[in-house]
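Take a look at the structure set out below.
Order of listing sets the numbers, starting from 1, for every ligand and every atom in it.
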Amino acid sequence: MSANITFTMIKPDAVQNKFTGKIIDKILEDGFEIKAMKYLHLSEQQAARFYEIHKERPFFNDLVKYMSGGPIVAAVLIKENAVESFRKLIGATDPQKAEPGTIRNLFAKSIEANAIHGSDSDTNALIESSFFFSKLEQF
Ligand code: IDP
Ligand code: MG
């Protein structure tokens, strides 16, 4: 069951640039089902907690400021092999290295403001989903 779940955020740059609708279209066209979704503005503390795993990396403070700098859209997505399939759909972290047609290739501004988040493992998909949504059993 957990292998069919991933978690995503449409990041502040993409929301600000009015790419939310286009990105959701790409996700649905790729066969994902939206199980839960919300629009919200993270506080710096929430962004720091979400990205705690990166706290030793040099870009951590900038990342926290950027992720709390404007509203985001958070969602839980369902598809077979969801984590791997979604990472393929979004493309490489650096949009300059992302394959043509991927969400980051189409909509990201920079390696930091890269339009979208995707979980990197089944375990993290569940942890990240429960960061934003309760009643995980419904997934
Ligand atoms: P991912 O989002 O592709 O999984 P991670 O390495 O987990 O990439 O990094 C988390 C986020 O931190 C990235 O999506 C991006 O917003 C930011 N980031 C990653 N590497 C850099 C960097 O070298 N400079 C600035 N920001 C970065
Ligand atoms: Mg990551």
**Message:** Checking the N or O distance criterion of under 3.5 Å, is ligand 1 in contact with Tyr51?
**Reply:** no

**Asked** Which of the numbered atoms in ligand 1 are below 4.0 angstrom from a heavy atom of Glu112?
**Response** 15 (C), 16 (O), 25 (C), 26 (N)

**Prompt:** Can you tell me if Ser68 and Glu44 form a side-chain donor-acceptor pair at under 3.5 Å?
**Reply:** no

**Request:** Around atom 19 (C) of ligand 1, find the nearest protein heavy atom and jot down its residue, atom name and distance.
**Result:** Phe59 CZ, 3.4 Å

**Prompt:** Under 4.0 Å between a Lys/Arg side-chain N and an Asp/Glu carboxylate O for Arg104 and Asp94?
**Reply:** no

**Request:** If you have a sec, work out which protein heavy atom is nearest atom 6 (O) of ligand 1 and how many Å separate them, to one decimal?
**Result:** Arg57 NH1, 3.2 Å

**Asked** Do any N/O atoms on Asn114 end up under 3.5 angstrom from N/O atoms on ligand 1?
**Response** yes

**Complete:** Residue, atom and distance of the protein heavy atom nearest atom 4 (O) of ligand 1 read Arg87 NH1, 2.8 Å

**Message:** I need the contact type for Arg104 against ligand 1. Using non-hydrogen atoms and a strict under-4.0 Å cut-off, is it side chain, backbone, both or neither?
**Reply:** side chain

**For atom 10 (C) of ligand 1, the protein heavy atom that lies nearest, with its residue and separation** = His54 NE2, 3.5 Å

**Request:** Validate the cation-pi geometry between Lys79 and Phe32: distance from NZ or CZ to the six-membered ring centre under 6.0 Å, angle to the ring axis within 45°.
**Result:** yes

**Message:** Just to be sure I read this right, does ligand 1 sit under 4.0 Å from the backbone of Met67, its side chain, both, or neither, counting only heavy atoms?
**Reply:** neither

**Asked** Hey, what do you get for CG (Asp25) to CZ (Phe19), rounding to the nearest 0.5 Å?
**Response** 13.5 Å

**Prompt:** Between atom OG1 of Thr20 and atom OH of Tyr39, what is the distance when rounded to the nearest 0.5 Å?
**Reply:** 7.5 Å

**Prompt:** Do you know the tightest heavy-atom contact between Tyr66 and Glu112?
**Reply:** CE2-O, 3.2 Å

**Message:** To check your reading of the model: name the closest protein heavy atom to atom 23 (O) of ligand 1, its residue, and the distance in Å.
**Reply:** Ile111 CD1, 3.7 Å

**Request:** Ignoring hydrogens and angles, state whether a donor on the side chain of Asn114 or Lys11 is under 3.5 Å from an acceptor on the partner side chain.
**Result:** yes

**Asked** So which of Leu63, Asp62, Val64, Thr93 gets nearest to atom 8 (O) of ligand 1, if we judge by its closest heavy atom?
**Response** Thr93

**Message:** Measuring from non-hydrogen atoms of Asp120 to any atom of ligand 1, is the shortest distance under 4.0 Å?
**Reply:** no

**Prompt:** Rounded to the nearest 0.5 Å, how far apart are CG of Leu89 and CG of Leu77?
**Reply:** 9.5 Å

